[in-house]
Amino acid sequence: MVIETVHLGKRYGTLQALSDLNLSIAPGKVFGFIGPNGAGKSTTMLILSTLLEQSEGEAYVCGYNVRKDPASVRQSIGYMPDFFGVYDNLTAVEYLEFYAGAYKIPAGKRRALVADLLELVNLAHKADAFVDSLSRGMQQRLGLARCLVHDPAVLILDEPASGLDPRARIELREIIKQLREMGKTILISSHILPELAELCDEIGVIERGKLIACGSVHEVSSKETGGSVMQLRALRNLDKAALLLESSPHVNQLEEYMGGFRFHFQGSEQEKADLLQELIDERVAVVYYGDTKKNLEDVFMAITEGVGME
Ligand SMILES: Nc1ncnc2c1ncn2[C@@H]1O[C@H](COP(=O)(O)OP(=O)(O)OP(=O)(O)O)[C@@H](O)[C@H]1O
């Protein structure tokens, strides 16, 4: 495992901000850490980044114990905090060269490295712009490049998309996908589940310092809502679709929704595929068949429901 926490806990005075957290993240996986404000995501990430000492349990990154071997952990990770300052009198190139120096990258290699990093985060055209003149989305991408100067195996990204407009979020997501393809192991947090769904191999939902659900998006969704909420949109033969859906033993709570239907589906992935095949055999002109985006919000609400009431 690249990231592992064992009964990890953190107290701030009398506040138990994190309790009994057990996470295992395998090499090359993208793990989404989801929870509302104050759930304990930043606390966990700070401990994994060696910037905060835990009160209980142990945490390991690339096999190194964060408490006993912080120097090795720091070499293995790139950590992007939720808020970070940029030095306003530096250009993007100078900013990255400064960090490359801090990581003791030999001077002769810095220029090419920085050019590659700017290319990777789509900022080559802003190489000589002052960092405080960059948009928030660009600053976030520059922050991501900063985490990569020492080519770490692991990235820990604390709400990197917060405060970004939709376009900037998509650009950031595309870069994170590229980093996944490069084989990085990534722990990324958000308080918005749909934002992470497409990106993550696994998600963990944290609420009031406790991990309350963990697994693939599909596993977590099906477990919590007892199935998935699906949407069908079709151009023709909606009447036939309605008959098929109504007669399916896997479908319930069928309702008309945005030029098609929304329904709860209880069954395996194979049974979902079989139902789609039946729709196509009936010449229903399907344009969309899949989980609803709303589903993910429902799941999040279902999981966290009542936790705050304890
Ligand atoms: N330095 C600190 N001193 C005291 N309490 C703290 C400190 N840092 C965090 N907390 C508290 O610990 C809990 C967890 O905070 P944490 O920042 O880890 O949550 P989070 O999930 O990252 O939330 P956010 O999305 O708001 O950053 C919160 O109740 C917070 O108020």
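In each ligand, atom 1 is the first atom listed, and ligand 1 is the first ligand listed. These numbers come from a predicted model, not from an experiment.
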Checklist entry - Right, does atom 12 (O) of ligand 1 have protein non-hydrogen atoms nearer than 4.0 Å? => result yes
Checklist entry - What atoms in ligand 1 come closer than 4.0 Å to a heavy atom of A17? => result 12 (O), 13 (C)
Next on the checklist: For Q140 and E171: C-alpha separation, side-chain torsions, deciding distance, then whether side chain to side chain donor-acceptor pair (under 3.5 Å) applies.
Outcome noted: CA-CA 11 Å; Q140 289 294 91; E171 285 169 356; over 6 Å; no
Checklist entry - Numbering the atoms of ligand 1 from 1, which are under 4.0 Å from a heavy atom of P36? => result 21 (O)
Checklist entry - Can you check whether K240's main-chain N or O pairs, donor with acceptor, with N237's side chain at less than 3.5 Å? => result no
Next on the checklist: Given 3.5 Å as the limit, does a donor-acceptor pair link the side chain of R11 with the main chain of Q16, or not?
Outcome noted: no
Item to check | Rounded distance [0.5 Å steps], CZ in R173 versus CD in Q178 | outcome: 14.0 Å
Checklist entry - Is there a heavy atom in G35 that sits closer than 4.0 Å to ligand 1? => result no
Item to check | Distance flag, aromatic centroids of Y99 and Y95, threshold under 6.0 Å | outcome: yes
Next on the checklist: Using 0.5 Å steps for rounding, measure from the CG atom of L232 to the CG atom of L276.
Outcome noted: 8.5 Å
Checklist entry - If you count the atoms of ligand 1 from 1 in the order shown, which ones are under 4.0 Å from a heavy atom of S42? => result 17 (O), 18 (O), 20 (P), 22 (O), 27 (O)
Next on the checklist: When you compare the side chains of S55 and Y12, does any donor N or O come within less than 3.5 Å of an acceptor on the partner?
Outcome noted: no
Checklist entry - Quick one: nearest non-hydrogen protein atom to atom 1 (N) of ligand 1, plus distance? => result Y12 CE2, 3.6 Å
Checklist entry - Out of I77, L187, T5, which residue meets the side chain to side chain contact (heavy atoms under 4.5 Å, CB included) rule with V61? => result I77
Item to check | Protein heavy atom at shortest distance from atom 19 (O) of ligand 1 | outcome: G40 N, 3.1 Å
Checklist outcome for this item: Logged contact type for L15 with ligand 1, heavy-atom cut-off 4.0 Å, is side chain
Checklist outcome for this item: Ranked by distance from atom 15 (O) of ligand 1, the top protein heavy atom is T43 OG1, 3.8 Å
Checklist entry - Which ligand 1 atoms does N37 reach within 4.0 Å, using its non-hydrogen atoms? => result 23 (O), 24 (P), 25 (O), 26 (O)
Next on the checklist: I'd like to check which ligand 1 atoms, numbered from 1 as shown, lie under 4.0 Å from a non-hydrogen atom of A39.
Outcome noted: 19 (O), 20 (P), 21 (O), 23 (O)
Checklist outcome for this item: Counting from 1 in the order shown, the ligand 1 atoms closer than 4.0 Å to a non-hydrogen atom of E159 are 25 (O)
Checklist entry - Would you say D158 and ligand 1 have an N/O pair spaced under 3.5 Å apart? => result no
Item to check | Residue, atom name and distance, where the atom is the protein heavy atom closest to atom 28 (C) of ligand 1 | outcome: G38 O, 3.6 Å
Checklist entry - Which ligand 1 atoms, with their elements, are less than 4.0 angstrom from a heavy-atom of D82? => result 27 (O)
Checklist entry - At a non-hydrogen distance cut-off of under 4.0 Å, which region of S189 contacts ligand 1 (side chain, backbone, both, or neither)? => result neither
